[in-house]
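In listed order, ligands and their atoms are each counted from 1. On a predicted model such as this, the values are computed, not experimentally measured, just so you know. Atom set for the values below is all heavy atoms of this structure, side chains included, hydrogens, waters and symmetry mates excluded.
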Amino acid sequence: MQAHSTGFLESVDQNFRHSISFLDLPEGLAERIIQCNSTYTVRFGVRLRGRMYSFIGWRSVHSEHSEPVKGGIRYAPNADAEEVEALAALMTLKCSLVDVPFGGSKGALKIDPREWNPQELERITRRFVQELNKRNLIGPGVNVPAPDVGTSEREMAWMVDEFRRANPTDVVNARACVTGKPLSKGGIAGRTEATGRGVQFAIQSYLRDPRTPGLNGQRDLKDASVVVQGFGNVGFHAAKFLSEEDNARVIAITESDGYVANPKGLSIESLKRHQRQTGSILGFPGATSAAGDMSGIELACDVLIPAATENAIHSENAGRIKAHLVVEAANGPVTFEADKILRSRGIIILPDLYVNAGGVVVSYFEWVKNLTHIPFGLMERRRRERRNQTIATALERMTGKQFPSDMRDEFLEGGAEIDLVRSGLEDVMRSTWARIADLIEERPELGDYRTAAYVASIRQIAQAYEAIGI
Ligand code: NAD
């Protein structure tokens with residue numbers, strides 16, 4: 001992969017500028033929308049292993065046209081302020097596109113989490129939260145972080161706990177200061193899988209739409225070959241759902257130390273177990289391993305899903321990508337230049353701000369759950385069960401036949417939290433796809449799905465700015 005963030009902010013900026021040429025915005029408004037409002041740099045020390053270690057981190061607030069602002073916190077050794085600003089801008093655009101009421105933010109700590117044990121990471125995380133809290137950069141109504149690369153529900157649990165300690169008189173809504181928490185700490189069922197699940201819904205929405213070319217005319221993923229870059233949270237869940245539920249063949253998974261491949265399809269759960277046990281996907285039985293080989297994303301396939309970090313497909317390797325469809329599960333995996341090369345070669349790209357929005361959508365559900373203090377479905381579950389039971393009984397009496405036993409449980413079930421979350425997420429992903437596809441049908445000059453997604457999103461942010469008169 002290229003130097004990680006070189007040109008990432010520039011790519012977001014170029015996409016933005018290209019898209020506003022299709023919009024008739026009042027003078028000066030485009031600048032206001034794209035500029036990052038503020039980036040706070042924090043340096044702090046933590047005494048560990050008998051000495052003082054210094055850390056540096058950032059929290060960018062890109063836009064407060066809607067509050068609170070929202071965005072993940074990543075732990076990565078190569079994080080920098082520019083990367084964080086690019087990611088924060090994407091959050092603003094993403095939230096607007098999928099219509100969740102947040103402005104965009106993002107944070108990072110320049111750290112390699114593998115170099116520290118869990119106790120040390122906990123102390124570092126808690127110290128980081130103290131710094132963010134001092135500056136009002138964390139809190140249910142101001143700024144709500146979530147997991148990203150290198151962080152997970154474990155870090156979110158530490159963060160919410162530290163926030164509560166620092167704000168002992170504001171405990172009622174404190175849980176809503178962070179999303180992506182474990183269930184026991186106020187999380188929501190389905191948040192960990194949400195981004196990968198959203199990737200699945202995005203591909204399904206694209207394939208089902210008769211206005212798209214599908215996969216050379218194919219309208220589902222049955223037996224379609226898929227390559228996934230990055231076997232972390234997003235890559236694992238996307239690969240799992242596509243192979244187990246849509247019968248796709250995941251023929252290769254790439255990681256930072258090489259890739260594994262099997263043209264018949266990999267067993268995703270077994271590969272995850274192998275990775276957990278050995279620390280690597282390499283050496284997985286039943287697949288060929290290519291240690292140190294970073295060219296896995298260039299394998300011929302129907303669908304390529306970059307789910308690692310930004311700039312994975314750049315001007316040098318774009319000519320060697322052999323997929324029909326590139327699905328951007330990561331943020332910014334295709335540079336502005338590479339995007340042009342891929343499209344000139346007839347490769348279709350589903351853009352990041354749509355594809356990976358599942359995380360922030362379910363984060364929104366979690367935030368609402370924390371603020372309402374009531375689990376989704378609690379009030380109506382039993383009533384719905386009774387109503388469905390009545391319908392089943394009536395049907396049985398009217399027809400004189402038994403309700404099919406294999407459908408009975410599903411029909412009677414009142415709707416657990418996970419079902420409601422998946423249903424809400426699917427609805428958002430489908431309706432957002434319809435908005436993108438309708439726009440490009442109305443205005444074919446937009447030319448590609450990324451531009452259509454940017455235009456749809458910027459148009460809405462512009463309306464918000466105009467409404468508040470700033
Ligand atoms: P993660 O840390 O769980 O996984 C990332 C994986 O990519 C790791 O396993 C890492 O080893 C691997 N990787 C790093 N460099 C690589 C390379 N050059 N080639 C192949 N693999 C490589 O992170 P994640 O949460 O899965 O996030 C992945 C991407 O999705 C990021 O761009 C992130 O911003 C984006 N994203 C995540 C979420 C979320 O909910 N976690 C939401 C929206 C977007």
### Task
Return a yes/no value for Asn233: is any of its N or O atoms, backbone included, closer than 3.5 angstrom to an N or O of ligand 1?
yes
### Message
Show me which atoms of ligand 1 lie under 4.0 Å from any heavy atom of Gln229.
### Response
19 (N), 20 (C)
### Message
Which option wins on minimum heavy-atom distance to atom 32 (O) of ligand 1: Val362, Asp257, Asn356, Asn331?
### Response
Asn331
#### Entry: Close side-chain approach of Phe102 to Val144, heavy-atom, < 4.5 Å
no
### Message
Below 4.0 Å, non-hydrogen atoms only: which portion of Ala357 touches ligand 1? Side chain, backbone, both or neither.
### Response
neither
### Message
Does ligand 1 come near enough to Asp148 that some N or O of the ligand is less than 3.5 Å from an N or O of the residue?
### Response
yes
### Message
On the six-membered ring of Phe201, is Arg430 placed so that its NZ or CZ lies under 6.0 angstrom from the centre and within 45° of the ring axis?
### Response
no
### Message
Are Leu342 and Val334 packed together at the side-chain level, in the sense that at least one heavy-atom pair is separated by less than 4.5 angstrom?
### Response
yes
### Task
List every atom of ligand 1 that sits less than 4.0 Å from any heavy atom of Arg74, numbering the atoms from 1 in the order shown and giving each element.
31 (C), 32 (O), 33 (C), 34 (O)
### Task
For ligand 1, find out whether one of its N or O atoms is nearer than 3.5 Å to an N or O atom of Val234.
yes
#### Entry: From Arg450 atom CZ to Asp352 atom CG, the distance as rounded to the nearest 0.5 Å
5.5 Å
### Message
Show me which atoms of ligand 1 lie under 4.0 Å from any heavy atom of Gly150.
### Response
2 (O)
#### Entry: Where at least one partner belongs to residues 65-92, residue pairs that pass ring pair (Phe, Tyr, Trp, His ring centres under 6.0 Å), sequence neighbours excluded
His65-Tyr465
### Query
Can you pull the salt bridge (Lys or Arg N to Asp or Glu O under 4.0 Å) pairs that have at least one residue in residues 271-284, sequence neighbours excluded?
none
### Residue selection (non-hydrogen contact nearest atom 11 (O) of ligand 1) among Glu83, Glu255, Arg191
Glu255
### Task
Have a look at Gly332, Pro306, Ala308 and point out the one with the heavy atom closest to atom 13 (N) of ligand 1.
Ala308
#### Entry: Main-chain N/O of Trp367 paired to Thr179 side chain as donor or acceptor, under 3.5 Å
no
### Query
Which of the atoms in ligand 1, numbered in the order shown and given with their element, are less than 4.0 Å from a heavy-atom of Thr254?
20 (C), 21 (N)
### Task
Classify the contact between Ala329 and ligand 1 as side chain, backbone, both or neither, using a heavy-atom distance cut-off of under 4.0 Å.
backbone
### Task
Would you tell me which option among Thr195, Thr192, Ile297 has the nearest heavy-atom contact to atom 39 (C) of ligand 1?
Thr195
### Message
Tell me if the NZ atom of Lys110 is crowded by more than 12 foreign heavy atoms within 6.0 Å.
### Response
yes
### Query
For the side chain to side chain donor-acceptor pair (under 3.5 Å) test, which of Lys70, His62, Glu64, Arg59 pairs with Ser105?
Arg59
### Message
Closer than 4.0 Å to some heavy atom of Gly230 - which atoms of ligand 1 meet that?
### Response
7 (O), 20 (C), 21 (N)
